[in-house]
Participant: 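Mind looking over this structure? Questions follow.
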Amino acid sequence: MTAAALTAEHLRVRVRELLSAHPPATTAPAEFLRARFDAGLAWVHYPEGLGGLGAPRSLQAVVDAELEAAGAPDNDPRRIGIGLGMAAPTILAYGTEEQKRRFLRPLWLGEEVWCQLFSEPGAGSDLAALGTRAVREGGEGGDWVVDGQKVWTSSAHTARWAILIARTDPALPKHQGITYFLCDMTAPGVEVRPLRQITGEAEFNEVFLTGVRIPDAHRLGEVGQGWAVARTTLMNERVSIGGMRIPREGGMIAPVATAWRERPELRTHDLHGRLLELWVEAEVARLTGERLRQQLAQGQPGPEGSGMKLTFARLNQEISGLEVELLGEEGLLYEDWTLRRPEIVDFTGRDAGYRYLRAKGNSIEGGTSEILLNIVAERVLGLPAEPRDDKDLAWKDLAR
Amino acid sequence: MSSPAAAPLDLLYSETEEELRTAVRSLLAARCAPAAVLARIETGAPHDPELWRVLAADIGTAGLLVPEKLGGQGAGHREAAVVLEELGRAAAPVPYLTSAVLATEILLGCESAEAADLLRELAAGRRVCVPALPLTLAPGAPLPTPVRDSGGGSLGGSVGSVADAVCADVLLVLADTGLYAVPAGAAGVSRTPLVALDLTRPLAAVHLDGAAGTRLADPATARAAIAGALLSGAGLLASEQLGTAEWCLTETVAYLRTRHQFNRPLGSFQAVKHRLARLWLDVASARAAARAAADALATGAADAPLTVAVAQAYCSGVAVRAAEECVQLHGGIGMTWEHPAHLYLKRAKADSLALGTAGHHRGLVADFAELPAP
Ligand SMILES: Cc1cc2nc3c(=O)[nH]c(=O)nc-3n(C[C@H](O)[C@H](O)[C@H](O)COP(=O)(O)OP(=O)(O)OC[C@H]3O[C@@H](n4cnc5c(N)ncnc54)[C@H](O)[C@@H]3O)c2cc1C
């Protein structure tokens with residue numbers, strides 16, 4: 001059957017076949033996930049043999065809804081978010097057949113967690129200025145030796161693999177001498193040190209790379225083309241951060257609305273006004289995301305996508321701030337300052353203080369709100385680009 | 001208890017809707033450019049009857065909400081919303097919201113033969129009919145009845161801030177004994193034009209002194225019909241506000257791309273870029289909210305009142321913000337009478353009071369979503 005002929009009905013049939021051959025109630029979750037991947041129902045728009053069926057992307061929602069209704073286990077996307085949201089689409093777009101076969105299945109199954117070795121102490125928003133070096137040994141096809149320091153690396157402590165960008169030619173302008181690699185986090189010379197963040201936890205890390213050997217077979221894309229590859233990752237990152245589908249009153253507004261209903265003694269007129277304003281904005285954000293998904297399903301991707309992360313970050317911060325205030329005396333307390341190295345970022349399972357503090361990262365991680373506003377202004381509204389004087393300079397000659 | 005679950009909504013524009021938009025937009029580009037609107041308001045008679053005739057009768061937009069058996073297009077709120085987007089974008093001085101939406105919805109709710117006759121006239125664009133109610137009247141607010149029937153349908157009383165009354169052929173008057181259609185030129189009817197903030201939607205005070213009209217509905221039916229019309233009107237006004245905001249954003253971006261100061265286009269300064277990017281986000285969100293309201297009204301969704309309240313609570317503010325940014329970012333020229341920015345600012349601000357303020361609609365959200373006041 002050709003991909004275009006695949007309809008929602010075909011997919012429902014396939015889901016039912018999967019469910020009857022592997023009833024979720026009596027099948028081990030890992031076993032079920034393997035069968036799901038092999039049936040092409042993991043990410044339906046991926047090619048056959050790689051967890052998909054080459055179907056339209058919009059049909060994934062059909063599959064997810066059917067499986068959820070049947071009580072099927074999921075692969076804990078919160079634990080493997082970087083793999084699913086960023087590594088996988090990049091490997092799909094740029095990987096060799098061998099790389100795709102080697103990496104996508106364990107990635108989707110959650111057997112291998114991924115992290116993103118992009119940011120460095122000297123290269124954040126200006127990511128293309130990065131200085132981590134990769135030098136090839138022994139000419140064409142030889143191993144690469146990597147030295148440098150990465151920072152703010154989420155889940156480096158649980159990751160088996162990393163997507164890594166490094167400089168392979170310092171004599172070229174900064175966007176040109178970069179190459180993209182898949183880095184084994186267990187390789188000698190990879191050192192992960194926890195970085196404690198404002199929540200008290202160490203969700204992200206510093207990663208020191210000292211003489212780390214990466215076989216040329218783990219290079220993704222051509223030598224020197226790493227920036228183009230990285231842009232695929234970054235684009236997917238923004239969509240995956242702001243683009244989740246949520247029901248009315250889902251997301252951060254839920255715990256506040258619940259507290260408001262259940263605890264009338266906390267109510268004040270001032271808080272009421274602000275709660276209603278944010279409730280309305282959260283509902284409008286939900287509708288805006290819904291509209292974006294409808295556009296995508298019709299094959300008319302709108303520029304709204306770049307805005308969703310901006311809205312998501314602002315609302316999370318305002319709503320969680322209101323929630324701490326609403327709780328009164330309880331808002332003065334915090335659940336636990338013990339240094340932990342969590343496996344997942346869990347907004348809903350935690351208390352208001354944690355939500356307030358963690359949400360501060362929403363406007364920094366995955367591109368700051370300032371950078372995203374520049375992108376909207378330049379790419380959506382067509383306003384002139386920021387004046388820049390680093391474009392034609394060799395990376396080694398840039399001011400640092 | 002938690003808030004009502006959301007009905008599935010179609011938030012896109014259909015092909016037919018886009019065709020309708022194209023027809024309306026090209027008419028407005030030819031007949032209702034900002035310079036023409038500016039020239040008209042100078043004359044003290046901003047309404048353009050010729051533009052109205054083409055829009056209402058030739059393109060057939062006046063009958064979008066009217067069933068085909070009553071001579072209308074049998075379309076719906078989604079299509080009417082697209083027309084309002086375009087009218088908002090042009091700050092067009094035509095009685096669409098008042099006649100083709102509010103009066104039409106009231107008449108549809110009357111279910112009498114007299115109302116049906118009048119609907120045929122409205123749908124054909126032969127007559128303009130406006131409700132003799134203050135423009136600020138909001139869904140969910142108590143209905144005023146300043147008009148008394150002193151016996152045998154002889155009506156007396158006054159209503160202020162009636163939008164488009166000056167160009168109406170028929171007024172819909174709510175009296176203590178029911179709803180009446182009163183010819184605007186009838187004996188005992190006078191309309192006193194008011195100096196309005198919004199120059200493109202003229203207001204008048206309506207005075208009745210022993211005026212006679214045709215009774216269309218009993219008091220209970222009349223009140224229900226008006227309540228339904230106010231809900232539709234508020235929901236569709238969001239689309240007009242979206243159009244207003246869109247014009248302001250587009251115009252401002254275009255200006256700042258070409259206006260140079262400091263040897264650079266002003267639009268290359270980040271302080272300006274970020275403001276415009278935020279405004280774009282607001283407009284994109286207002287589009288989702290306004291489409292949601294139109295679709296919920298069109299499908300008669302159970303949660304339509306909540307969706308309408310959300311759209312009004314959100315879109316009013318976006319239109320005002322967009323118009324204020326438009327004036328500010330145009331600098332001195334934005335403060336002039338010659339530049340059309342002020343038409344949009346005045347329309348946006350007046351619209352933010354029309355059919356309930358954002359605050360009023362947030363109060364409705366509190367009721368529907370069960371988030372009670374202290
Ligand atoms: C919770 C969290 C998790 C993260 N996880 C990862 C990860 O897993 N992997 C990874 O590689 N990175 C990760 N990051 C890093 C993140 O991508 C960077 O922090 C981010 O891109 C900003 O870079 P920076 O911290 O160097 O700030 P800087 O670039 O130094 O920016 C400082 C301030 O200046 C502003 N600014 C910078 N440039 C401009 C400009 N041109 N115009 C206007 N304002 C500007 C910024 O918006 C910011 O407010 C994570 C960050 C956080 C907070």
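Model, not experiment: these values are computed from the prediction. Chain identifiers are assigned alphabetically (A, B, ...) following the order of the sequence lines, protein sequences preceding nucleic acid strands; residue numbering begins at 1 within each chain.
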Participant: B:R275 versus chain A, heavy atoms under 4.5 Å apart: side chain, backbone, both or neither?
Facilitator: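 Contact with chain A is absent: no heavy atom of B:R275 under 4.5 Å.
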
Participant: Please state whether the side chain, the backbone, both or neither of A:E265 comes within less than 4.5 Å of a heavy atom of chain B.
Facilitator: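 No part of A:E265 comes within 4.5 Å of chain B.
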
Participant: Please look at A:A254 and chain B and tell me whether the side chain, the backbone, both or neither of the residue comes under 4.5 angstrom of a heavy atom of that chain.
Facilitator: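 Looking at A:A254, nothing touches chain B.
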
Participant: Is there a side-chain contact between A:E386 and B:S268, using heavy atoms and a 4.5 Å cut-off?
Facilitator: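 No; the side chains remain at least 4.5 Å from each other.
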
Participant: Could you tell me whether a side-chain N or O of B:H274 sits under 3.5 Å from a main-chain N or O of A:A377, the two making a donor and an acceptor?
Facilitator: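 It does not hold such a pair.
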
Participant: Measure A:L275 against the heavy atoms of chain B and call it side chain, backbone, both or neither at under 4.5 Å.
Facilitator: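 Answer is side chain: those atoms of A:L275 sit under 4.5 Å from chain B.
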
Participant: For the CZ atom of B:R278 and the OG1 atom of A:T311, what is their distance to the nearest 0.5 Å?
Facilitator: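 If we round to the nearest 0.5 Å, B:R278:CZ and A:T311:OG1 are 11.0 Å apart.
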
Participant: Quick one: pull up CZ in B:R362 and CG in A:L278 and give me the separation to the nearest 0.5 Å.
Facilitator: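 Reported to 0.5 Å precision, the distance equals 10.0 Å.
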
Participant: Return the minimal non-hydrogen interatomic distance between A:R261 and B:A369, and the atom names on each side.
Facilitator: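 Minimum heavy-atom separation between A:R261 and B:A369: NH2-O, 2.9 Å.
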
Participant: Please answer whether the main-chain N or O of A:P384 pairs with a side-chain N or O of B:R257 as donor and acceptor at a distance below 3.5 Å.
Facilitator: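 No: the side chain of B:R257 does not pair with the backbone of A:P384.
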
Participant: How far apart are the closest heavy atoms of B:S285 and A:V284, and which atoms are they?
Facilitator: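 B:S285 and A:V284 have their closest heavy atoms at O-CG1, 3.4 Å.
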
Participant: Below 4.5 Å, heavy atoms only, C-beta onward: do A:R248 and B:D303 meet side chain to side chain?
Facilitator: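 A side-chain contact exists here, since the closest heavy-atom pair is under 4.5 Å.
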
Participant: To the nearest 0.5 Å, how far apart are CG in A:L381 and CG in B:L249?
Facilitator: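 So the CG of A:L381 and the CG of B:L249 are separated by 6.0 Å.
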
Participant: Decide if atom CD of A:E9 counts as having more than 12 heavy atoms of other residues, nucleotides or ligands within a radius under 6.0 Å.
Facilitator: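 Yes - once you tally the heavy atoms of other residues, nucleotides and ligands closer than 6.0 Å, there are more than 12.
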
Participant: How many angstroms lie between CG in A:L287 and OH in B:Y314, if you round to the nearest 0.5 Å?
Facilitator: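 Spacing of CG (A:L287) from OH (B:Y314) equals 11.0 Å.
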
Participant: Sort B:A289 into side chain, backbone, both or neither according to what part of it lies under 4.5 angstrom from a heavy atom of chain A.
Facilitator: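 For B:A289, heavy atoms of backbone and side chain both lie under 4.5 Å from chain A.
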
Participant: Please say whether more than 12 non-hydrogen atoms of neighbouring residues, nucleotides or ligands are located less than 6.0 Å from CD in A:E68.
Facilitator: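 Incorrect, the count does not exceed 12.
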
Participant: Evaluate whether atom CG of A:D392 has more than 12 neighbouring non-hydrogen atoms of other residues, nucleotides or ligands under 6.0 angstrom away.
Facilitator: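 Result for CG/A:D392: open.
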
Participant: NZ of B:K349: more than 12 outside heavy atoms within 6.0 angstrom?
Facilitator: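 Counting other residues, nucleotides and ligands, NZ of B:K349 stays at 12 neighbours or fewer.
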
Participant: Does atom CZ (B:R264) have a neighbourhood of more than 12 heavy atoms from anything else shown, all under 6.0 Å?
Facilitator: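 Yes, the 6.0 Å shell around CZ holds more than 12 heavy atoms from other groups.
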
Participant: Let me know if A:E277 has heavy atoms under 4.5 Å from chain B in its side chain, its backbone, both or neither.
Facilitator: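 It is both, since atoms from each part get that close.
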
Participant: Keeping B:W280 on the side-chain end and A:G307 on the backbone end, is there a donor-acceptor pair under 3.5 Å?
Facilitator: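 Answer holds: no.
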
Participant: Looking only at atom types and distance, does a side-chain atom of A:Q294 sit under 3.5 Å from a main-chain N or O of B:L9, one as donor and one as acceptor?
Facilitator: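 The answer is yes, because a donor-acceptor pair under 3.5 Å joins these two groups.
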
Participant: Between A:W279 and B:V365, what is the shortest heavy-atom contact and its length?
Facilitator: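 Looking at all heavy atoms of both residues, the closest pair is CE3-CG1, 3.5 Å.
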
Participant: With a 4.5 angstrom heavy-atom cut-off, could you sort out which part of B:T250 is near chain A: side chain, backbone, both or neither?
Facilitator: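 No part of B:T250 comes within 4.5 Å of chain A.
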
Participant: Strictly distance-based, threshold 3.5 Å: is any side-chain N or O of A:R291 a donor or acceptor partner for the main-chain N or O of B:A288?
Facilitator: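 Side chain of A:R291 to backbone of B:A288, a donor-acceptor pair under 3.5 Å: no, none is there.
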
Participant: Please find the pair of heavy atoms, one from A:T288 and one from B:A284, that lie closest to each other, and give the distance.
Facilitator: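 What the structure gives for the nearest pair is CG2-O, 4.2 Å.
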
Participant: Out of B:A313, B:A373, B:A292, which one racks up the most heavy-atom pairs below 4.5 Å with chain A?
Facilitator: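 Answer, by heavy-atom pair count under 4.5 Å with chain A: B:A373.
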
Participant: Can you confirm whether A:Y356 is buried at OH, in the sense that more than 12 heavy atoms of other residues, nucleotides or ligands lie under 6.0 Å from that atom?
Facilitator: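 Open.
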
Participant: Under 4.5 Å heavy-atom distance to chain A, tell me which part of B:L281 shows up: side chain, backbone, both or neither.
Facilitator: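 For B:L281, the side chain is the part near chain A, not the backbone.
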
Participant: Using side-chain heavy atoms (C-beta onward) and a distance below 4.5 Å, is B:P372 in contact with A:R267?
Facilitator: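 Yes; the side chains approach each other to less than 4.5 Å.
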
Participant: Start with the C-alpha gap between B:K273 and A:E378, add the side-chain angles, then the distance that decides, and say whether salt bridge (Lys or Arg N to Asp or Glu O under 4.0 Å) holds.
Facilitator: CA-CA 8 Å; B:K273 281 161 90 162; A:E378 291 170 21; 2.6 Å; yes

Participant: Which answer fits A:R314, side chain, backbone, both or neither, if we ask what part of it has an atom under 4.5 Å from a heavy atom of chain B?
Facilitator: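 For A:R314, there is no contact with chain B at all, as no heavy atom is under 4.5 Å.
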
